[in-house]
Every structure is written in C-alpha cells, then in structure tokens.
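Just so it is clear, the structure is predicted and the values come from calculations on it, not from any experiment. Just so you know, ligand 1 is whichever comes first in the structure, and atom 1 is the first atom listed for that ligand.
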Amino acid sequence: MSKVSFPLSKVYGLLEPGPVVLVSTAREGRVNIMTMSWHTMLEFEPPLVGCVISNSNFTFDLLKATKECVINIPTVELSKQVVGCGNSSGRTVDKFKGFGLAPVDASCVEAPLIDQCYANLECRVVDQKMVAKYNFFILEVVKAWVDPEKPHPRTIHHLGEGAFMVAGETIHLPSKMK
Ligand SMILES: Cc1cc2nc3c(=O)[nH]c(=O)nc-3n(C[C@H](O)[C@H](O)[C@H](O)COP(=O)(O)O)c2cc1C
C-alpha cells in the first residue's frame, strides 16, 4: 500500500464535507462493506464520528459484535461500487469479490481497509447509548490513512434518490484555526 499515515488532528477535514463513505467490517474471517452517507463529525481529537447504521443491515450485526470498523472514503471513480455496496447485502454477497475491491490489513482493527479508497479511518465504537433508539453509533478514529497521490480527491455526496454531487473546486478563506 502506498498510503502514508495521516495526523489524527486533521481527520475532521476529511469528513466535514460529508462524502459518501464505505464502511468495512469483519467477523470471524467474514468481511463486508456498506455504503453510508448519514455520518457527522463530533470532536476534533481524538476524532469522534457519529453515524446511523440501520439495524436491518448486516453491517449493524457485525459492528455490534466486534465494535470495530473502517470508514473508507471513495472518489467518483468508485461510484459504481458505492451504489453496488449500498444496494446489496453482505448476508448474501461477498462485496469485496463482487465489486472488485481489494482488502488491505488495518493496523489497529480487524476490519480491512479498502485499497482503492483515497482515505481510510480505522474506528472503534466508543458509545452505543443512542443505538437502541436511533441506530446511532459513536466511533473514535484510532488510525487514519490517506493517499498522498490524490491531493484533490473528487468525493461524492448523496443528494437523495440516486443523485450525487461531485466535489469540485477548493477555495481558501480566513480561519482562526491553526
Ligand atoms: C448513497 C447511499 C447512502 C446510504 N447511507 C446509509 C446510511 O447512512 N446508513 C444506513 O444504515 N444505510 C445506508 N445506506 C444503505 C446501505 O448501504 C444498504 O442497506 C446496504 O445494502 C447494507 O449492506 P449490508 O447489509 O451488507 O450491511 C445507503 C445506501 C446508499 C446507496
């Protein structure tokens, strides 16, 4: 893998714009991927991410059991795989094989990174208080990776009913944050 370690203090900047992500999980040698757009940053460092994962999804069962996952951030080139992973279930399909995605060992969690994604966030579930009511998990990012060869990743952003916005131009404005 040609990715380099990415500072945890900068992880929020990868997720704040709300890209559609692929959540990978693993349990007893079985791996899975789920498309997810309902996520939000909750804290800078350690980075905390809140996300809704429906209890009807296979991913919910794997995450509940292992308390670990990877949030993989795809770019527009992976659109077909994103839609495919969001319209099939790991209960009946091996999505890594079915969609030609390559698993790579993570460093802190059992769930694999998806090689083709430009960034990968290894996460542990740290709070399940809102799972029963909202299917809302709070994840801590414990390790982050980015592809240095993709400085301007064209992420995709779900607008509903099959419509997606593709990230475009970046502009820089005054900020109090160092
Ligand atoms: C663009 C898109 C965004 C989605 N966002 C979410 C989400 O935020 N939470 C969720 O539970 N399911 C979401 N889904 C649906 C799951 O990806 C879908 O139910 C998937 O089949 C679950 O796979 P699994 O059963 O292998 O876990 C989304 C699907 C698409 C296409």
Polar side-chain atom of Glu140 near backbone of Val126 as donor-acceptor pair, under 3.5 Å: no
Minimum non-hydrogen distance to atom 29 (C) of ligand 1, winning option of Gly84, Gly86, Ser56: Gly86
Worked check of side chain to side chain contact (heavy atoms under 4.5 Å, CB included) between Cys85 and Phe99: CA-CA 8 Å; Cys85 289; Phe99 296 110; 3.8 Å; yes
Nearest-neighbour protein heavy atom for atom 8 (O) of ligand 1, which is reported as residue plus atom name and distance: Trp38 N, 2.8 Å
For atom 19 (O) of ligand 1, the protein heavy atom that lies nearest, with its residue and separation: Asn57 OD1, 2.8 Å
Where ligand 1 meets Phe58 - atom numbers and elements under 4.0 angstrom, heavy-atom basis: 24 (P), 25 (O), 26 (O), 27 (O)
Any donor-acceptor N/O pair, Arg30 side chain to Gly90 backbone, under 3.5 Å: yes
Validation row: Val70, Trp145 side chains within 4.5 angstrom (heavy atoms): no
N or O pair under 3.5 Å between Arg91 and ligand 1: no
Ligand 1 to Thr59 polar contact by distance, N or O atoms, under 3.5 Å: yes
Nearest protein heavy atom with distance in Å, relative to atom 25 (O) of ligand 1: Ser89 OG, 2.7 Å
Heavy-atom donor-acceptor pair, Asn72 side chain to Leu22 backbone, under 3.5 Å: yes
Lys150 atom NZ, over 12 foreign heavy atoms within 6.0 Å: yes
Ligand 1 to Ile53 polar contact by distance, N or O atoms, under 3.5 Å: no
Residue, atom name and distance, where the atom is the protein heavy atom closest to atom 11 (O) of ligand 1: Ser54 N, 2.8 Å
Contact partition for Met36 relative to ligand 1, non-hydrogen atoms under 4.0 Å: both
Smallest separation among heavy atoms of Ala167 and Pro153, with atom names: CB-O, 4.3 Å
Numbered atoms and elements of ligand 1 in range of His158, under 4.0 angstrom, heavy atoms: 1 (C)
Contact (N/O only, under 3.5 Å) between Met34 and ligand 1: no
Any donor-acceptor N/O pair, Gln81 side chain to Gly100 backbone, under 3.5 Å: no
Nearest heavy-atom neighbours spanning Leu101 and Leu78: CD2-CD2, 4.3 Å
Close approach, Phe164 and ligand 1, non-hydrogen under 4.0 angstrom: yes
Residue portion contacting ligand 1 (non-hydrogen atoms closer than 4.0 Å) for Cys85: backbone
Nearest non-hydrogen protein atom, atom 23 (O) of ligand 1: Lys95 NZ, 3.0 Å
Polar side-chain atom of Arg27 near backbone of Asp61 as donor-acceptor pair, under 3.5 Å: no
From Thr35, Asn55, Ile156, Val82 - option closest to atom 28 (C) of ligand 1 by heavy atom: Thr35
Atoms in ligand 1 with a heavy atom of Asn32 nearer than 4.0 Å: 24 (P), 26 (O), 27 (O)
Closest protein heavy atom (residue, atom, distance) for atom 5 (N) of ligand 1: Ser37 N, 3.0 Å
Heavy atoms from other residues, nucleotides or ligands near CD of Glu110 exceed 12 (cutoff 6.0 Å): no
Any donor-acceptor N/O pair, Asn120 side chain to Ile114 backbone, under 3.5 Å: yes
Minimum-distance protein heavy atom relative to atom 9 (N) of ligand 1: Val52 O, 2.9 Å
Derivation of the side chain to side chain donor-acceptor pair (under 3.5 Å) call for Glu68 and Thr66: CA-CA 5 Å; Glu68 292 182 347; Thr66 63; 5.6 Å; no
N or O pair under 3.5 Å between Val20 and ligand 1: no
Distance from atom 21 (O) of ligand 1 to nearest protein heavy atom, with residue and atom: Ser88 O, 2.7 Å
